[in-house]
Amino acid sequence: MYRILVCDDDKQIVDAIEIYLTQEGYEVSKAYDGMEALKKLQEETIDLLVIDVMMPKLDGIRTTLKIREQNNMPIIILSAKSEDVDKILGLNIGADDYITKPFNPLELIARVKSQLRRFTTLGSAVRTEGDHVYSTGGLSINDDLKEVTVDGEQVRLTPIEYNILLFLVKNQGRVFSIEQIYETIWNEEALGADNTVAVHIRHIREKIEINPKEPRYLKVVWGVGYKVEKL
């Protein structure tokens, strides 16, 4: 059974989310500020975090930054703000997904399930069919071990970043539009997906490229989309 940590300074929202999640069979742990959330993560095994942006003591932004220093667990940001800049900020700090308040409980559950499914697949045991290694130049992905290396050095990616890179490396040389990437990775219709995909692409470049402004591997084809160069 998956355990989900819900962190929001509004106890009514936390209690409501707890009801939705427990009805789906999840265990729920609760926190009401970032400091308490970090403490819970040290004391308990948490599979996914749902965290509000605006909180006392330690807000969701700084909490997510601290978590990302050591942990790649799925993180879904909650915020009352709906502007694109806030969505980009959430993704910039390492969140995997973003939900705007007020939210539809069915949407929250769907996003939780999607993130857990994606993360569980990435963290699954090594398959018996043999290694599935995809390479181009010095970039290599071992999809059995879920490891990404660049020139022999291991690179830490979030689950979303890994899925995007794996998809592009498997299809290296082929250009995919933002909509194609979004619908493949998120498994939902690409509505306003431009910023979401662009932020994740930028993060991947920062991790795999020597000079992200002049990428060797992950390139943009202006007006069309993105591709991983076949080297």
Side-chain angles (χ1 to χ4, degrees), residues 2-8 17 20-21 24 26 28-29 31 34 37-38 40-41 45-53 55 59-79 81-82 84-101 103-104 106-124 141 146 148 155-168 178 181-208 218 226:
Y2 295 112
R3 177 176 289 273
I4 298 172
L5 175 59
V6 180
C7 182
D8 194 309
I17 294 176
Y20 304 143
L21 293 174
E24 293 295 321
Y26 299 114
V28 176
S29 186
L38 293 175
K40 291 275 187 179
L41 287 169
T45 299
I46 302 296
D47 299 294
L48 180 144
L49 171 65
V50 177
I51 187 168
D52 187 37
V53 171
M55 293 184 298
D59 62 30
I61 300 295
R62 290 182 293 167
T63 302
T64 300
L65 283 168
K66 286 183 175 294
I67 292 170
R68 277 292 177 252
E69 291 175 1
Q70 297 181 333
N71 196 318
N72 281 340
M73 64 181 289
I75 298 176
I76 299 175
I77 289 282
L78 289 177
S79 176
K81 301 176 182 177
S82 59
D84 280 345
V85 65
D86 299 296
K87 184 180 294 187
I88 293 171
L89 177 60
L91 297 172
N92 269 334
I93 63 173
D96 297 286
D97 210 343
Y98 182 103
I99 298 178
T100 303
K101 298 177 184 177
F103 55 85
N104 184 325
L106 294 178
E107 180 185 2
L108 174 64
I109 295 301
R111 291 183 182 277
V112 166
K113 288 182 176 178
S114 176
Q115 291 299 327
L116 285 172
R117 182 171 60 249
R118 205 169 285 127
F119 187 72
T120 302
T121 300
L122 293 178
S124 60
I141 302 179
K146 306 304 174 188
V148 178
V155 176
R156 290 172 61 92
L157 300 178
T158 67
I160 291 290
E161 292 166 1
Y162 180 93
N163 274 344
I164 293 173
L165 184 60
L166 178 63
F167 171 63
L168 293 175
I178 287 174
I181 294 172
Y182 188 91
E183 290 174 1
T184 299
I185 303 303
W186 277 266
N187 196 30
E188 61 186 32
E189 188 177 358
L191 297 175
D194 293 30
N195 288 330
T196 300
V197 172
V199 168
H200 286 293
I201 291 289
R202 180 164 60 80
H203 287 170
I204 295 170
R205 279 177 168 168
E206 290 170 352
K207 295 177 180 181
I208 69 170
L218 184 44
Y226 297 97

Thr45/Arg3 under side-chain contact (heavy atoms from CB on, under 4.5 Å): CA gap, chis, key distance, verdict: CA-CA 7 Å; Thr45 299; Arg3 177 176 289 273; 5.9 Å; no
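- The distance from atom CD1 of Ile201 to atom CG of Leu165, rounded to the nearest 0.5 Å, is 8.5 Å.
- Residues that satisfy the ring-ring contact (aromatic ring centres under 6.0 Å, His included) test with Tyr182, not counting sequence neighbours, are Trp186.
- Separating the CG atom in Leu168 from the OG1 atom in Thr184 is a distance of 9.5 Å, to the nearest 0.5 Å.
- In this structure the side chain of Leu91 never reaches within 4.5 angstrom of the side chain of Ile160, judged on heavy atoms.
- Atom CD1 of Ile4 sits about 5.5 Å away from atom CG of Leu116, to the nearest 0.5 Å.
- The structure places CD of Gln115 at 5.0 Å from CG of Asp96, a figure rounded to the nearest 0.5 Å.
- Applying the salt bridge (Lys or Arg N to Asp or Glu O under 4.0 Å) rule to Asp59 yields the partners Arg62; only residues at least two apart in sequence or on another chain are considered.
- With sequence neighbours excluded, the residues that form a salt bridge (Lys or Arg N to Asp or Glu O under 4.0 Å) with Arg111 are Asp97, Glu107, Glu188.
- In this structure the side chain of Ser29 reaches within 4.5 angstrom of the side chain of Ile46, judged on heavy atoms.
- Contact of the Tyr20 side chain with the Val112 side chain is not registered, since no non-hydrogen atoms from C-beta on lie closer than 4.5 Å.
- Residues Ile181 and His200 form no side-chain contact, since every pair of their non-hydrogen atoms from C-beta on lies 4.5 Å or further apart.
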